[in-house]
Amino acid sequence: MPLVYLGRREVEELLPMGECIEVMAAIFGALARGETLQPLRSVVRLESCPGFLGLMPGQIGVQSVACDQIAGIKVLSIFPGNRAVGRESHQGAVLLFETASGCPLAYLDASAVTAIRTAAVSGLATRLLAGEEAGDLAILGAGTQARTHLEALAAVRPLRRVRVWSRKPESARAFAAAESARHGLPVEPAASVRQAVEGADLICTTTAAAEPILAGEWIAAGAHVNAVGACFAAARELDTAAVVRARLFVDSRESAVNESGDFLIPRREGAIGDTHIQGELGELVLGRVVGRRSPDEVTLFKSLGLAVEDLAASHHVYRKALARGSGIVLEPAERGA
């Protein structure tokens, strides 16, 4: 098979949000059934520069025949300061390999894959946990993930109102104008987090905050929250009260108890224990755990991001690219080595 490069344009064209949500449902079911290899990621703080290098390896289809198995890794540079100069904070590549001989299959733009699959996972969680009539959305943050999360939640619930908040009011205003036009749906900039979430039954936190921005007392009864930022043990977007009052679901228990400040800090304070995690997203997909139990219950999905999400999304794009003849074919030095 040829080695194919798929850039941002190809990924965005071949991975529409609705399709990606279904791909994520399938891979989380496979994860819950033990059909994937999903080790913890490794994050290295770089010397003499303001960034990190993240390595996320994995394998999907581990119980399938060899030709259906895919191994791979996402390699990311994480430079939070890039947002201030209009660049992506997460940049890198997803590399796919077949497992019969270890040949590389594809090199994909990781920023595009991450932007879509992260929001698709939140869309899946919202479909499984939010109230059926939920449609008042608050988005905290006004960057790439805010944009894709609006698209994802619009795919799973009929939105009737959208508010957006950013630390930079001009960013919230620009986001509101652009996304109102794109979706044909009024999007309102909010002056504060509290104003944005007042009465909202859907909340997405998509910020680079290290300290809490969302207070539990501001969350309306019956709301569903997708907590997407704060992917390190020392950082969180939600205060302890917000986590305590919500039924918490995660993408991976192992990741949550090692990496999630939104979980680890309240646990360290003694406010919650490990049993506060009600289940994993894959267990919800398979019906192994109960999701929402009442209209007034607050549910919380903490997203950290898993390699199998990237591999499943990338493999989906790769197969469509082969069928359509998309991408750039790269010839490695020695295909038979």
Side-chain angles (χ1 to χ4, degrees), residues 1-24 26-27 36-39 41-44 46 51-62 64 66-79 82 85-121 143-145 147-148 151-152 305-337:
M1 301 295 290
L3 173 62
V4 179
Y5 169 74
L6 296 160
R8 175 181 293 275
R9 181 181 62 81
E10 289 85 5
V11 171
E12 292 177 346
E13 177 184 336
L14 298 173
L15 193 61
M17 187 60 70
E19 282 185 22
C20 193
I21 290 172
E22 299 310 320
V23 171
M24 293 301 101
I27 197 60
T36 68
L37 175 64
Q38 176 55 66
R41 63 183 151 205
S42 174
V43 179
V44 179
L46 300 176
F52 304 83
L53 191 65
L55 307 173
M56 298 172 63
Q59 184 181 359
I60 59 177
V62 298
S64 304
C67 63
D68 290 329
Q69 293 184 23
I70 293 293
I73 186 168
K74 181 166 77 171
V75 182
L76 277 178
S77 64
I78 307 161
F79 280 65
N82 281 359
V85 293
R87 294 178 182 167
E88 295 282 357
S89 60
H90 292 56
Q91 303 178 78
V94 179
L95 307 175
L96 298 183
F97 299 82
E98 53 88 1
T99 58
S101 63
C103 287
L105 297 175
Y107 172 123
L108 295 91
D109 179 272
S111 296
V113 172
T114 303
I116 299 168
R117 66 79 160 152
T118 304
V121 171
T144 297
Q145 284 298 333
R147 174 178 56 80
T148 55
E151 183 179 359
L306 305 176
V308 293
E309 300 169 26
D310 298 298
L311 300 187
S314 297
H315 191 220
H316 182 76
V317 170
Y318 170 71
R319 287 184 296 176
K320 290 179 69 175
L322 287 186
R324 299 186 185 188
S326 301
I328 299 172
V329 175
L330 305 174
E331 290 296 334
E334 295 184 35
R335 293 295 289 165

I need the minimum non-hydrogen distance between [X] and [Y], along with the two atoms involved.
{"X": "Ala120", "Y": "Cys20", "value": "CB-SG, 3.6 Å"}
{"X": "Val4", "Y": "Ser326", "value": "CG1-O, 4.0 Å"}
{"X": "Gly327", "Y": "Glu10", "value": "N-CG, 4.1 Å"}
{"X": "Ala152", "Y": "Ala119", "value": "CB-O, 3.2 Å"}
{"X": "Leu14", "Y": "Lys320", "value": "O-NZ, 3.0 Å"}
{"X": "Gly92", "Y": "Leu76", "value": "N-CD2, 4.0 Å"}

- Starting from the C-alpha separation in whole Å, work towards a yes-or-no answer on side-chain contact (heavy atoms from CB on, under 4.5 Å) for Leu105 and Ile70. CA-CA 9 Å; Leu105 297 175; Ile70 293 293; 3.7 Å; yes
- Task: Give, for atom CG of Leu311 and atom CD1 of Ile73, the distance between the pair rounded to the nearest 0.5 Å.
- Result: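 Leu311 atom CG to Ile73 atom CD1 measures 9.5 Å (nearest 0.5 Å).
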- Distance, nearest 0.5 Å, that separates CD of Glu309 from OG1 of Thr118: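 The CD atom of Glu309 sits 6.5 Å away from the OG1 atom of Thr118.
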Determine yes or no for a side-chain-to-main-chain donor-acceptor pair under 3.5 angstrom, with [X] supplying the side chain and [Y] the backbone.
{"X": "Gln38", "Y": "Val308", "result": "yes"}
{"X": "Glu98", "Y": "Ser101", "result": "yes"}
{"X": "Ser77", "Y": "Gln91", "result": "yes"}
{"X": "Thr36", "Y": "Ile60", "result": "no"}
{"X": "Glu19", "Y": "Pro16", "result": "no"}

- What's the verdict on side-chain contact (heavy atoms from CB on, under 4.5 Å) for Arg8 and Ser111, showing C-alpha distance, side-chain angles and the deciding distance? CA-CA 8 Å; Arg8 175 181 293 275; Ser111 296; 3.5 Å; yes
- Task: Run the numbers on Asp109 and Leu6 for side-chain contact (heavy atoms from CB on, under 4.5 Å), then give the verdict.
- Result: CA-CA 6 Å; Asp109 179 272; Leu6 296 160; over 6 Å; no
- Excluding sequence neighbours, so at least two apart, what forms side chain to side chain contact (heavy atoms under 4.5 Å, CB included) with Arg319?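 Partners of Arg319 under the side chain to side chain contact (heavy atoms under 4.5 Å, CB included) test: His315, His316.
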- Query: Does a side chain donor of either Ser314 or Lys74 reach within less than 3.5 Å of an acceptor in the other side chain?
  - Reply: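 There is no such pair (donor and acceptor under 3.5 Å, judged by atom type) between the side chains of Ser314 and Lys74.
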- Task: For Phe97, check ring pair (Phe, Tyr, Trp, His ring centres under 6.0 Å) against everything at least two apart and list the hits.
- Result: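 With sequence neighbours excluded, Phe97 shows a ring pair (Phe, Tyr, Trp, His ring centres under 6.0 Å) to no residue whatsoever.
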- Query: Would you say the side chain of Thr148 lies within less than 4.5 Å of the side chain of Met17, judging by non-hydrogen atoms?
  - Reply: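 A side-chain contact exists here, since the closest heavy-atom pair is under 4.5 Å.
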- Query: Among Val94, Thr114, Ile116, whose side chain to side chain contact (heavy atoms under 4.5 Å, CB included) with Val11 holds?
  - Reply: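 Among Val94, Thr114, Ile116, the one meeting side chain to side chain contact (heavy atoms under 4.5 Å, CB included) with Val11 is Ile116.
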- Let me see the working for Asp310 and Arg117 under side-chain contact (heavy atoms from CB on, under 4.5 Å), right down to the final yes or no. CA-CA 7 Å; Asp310 298 298; Arg117 66 79 160 152; 2.8 Å; yes
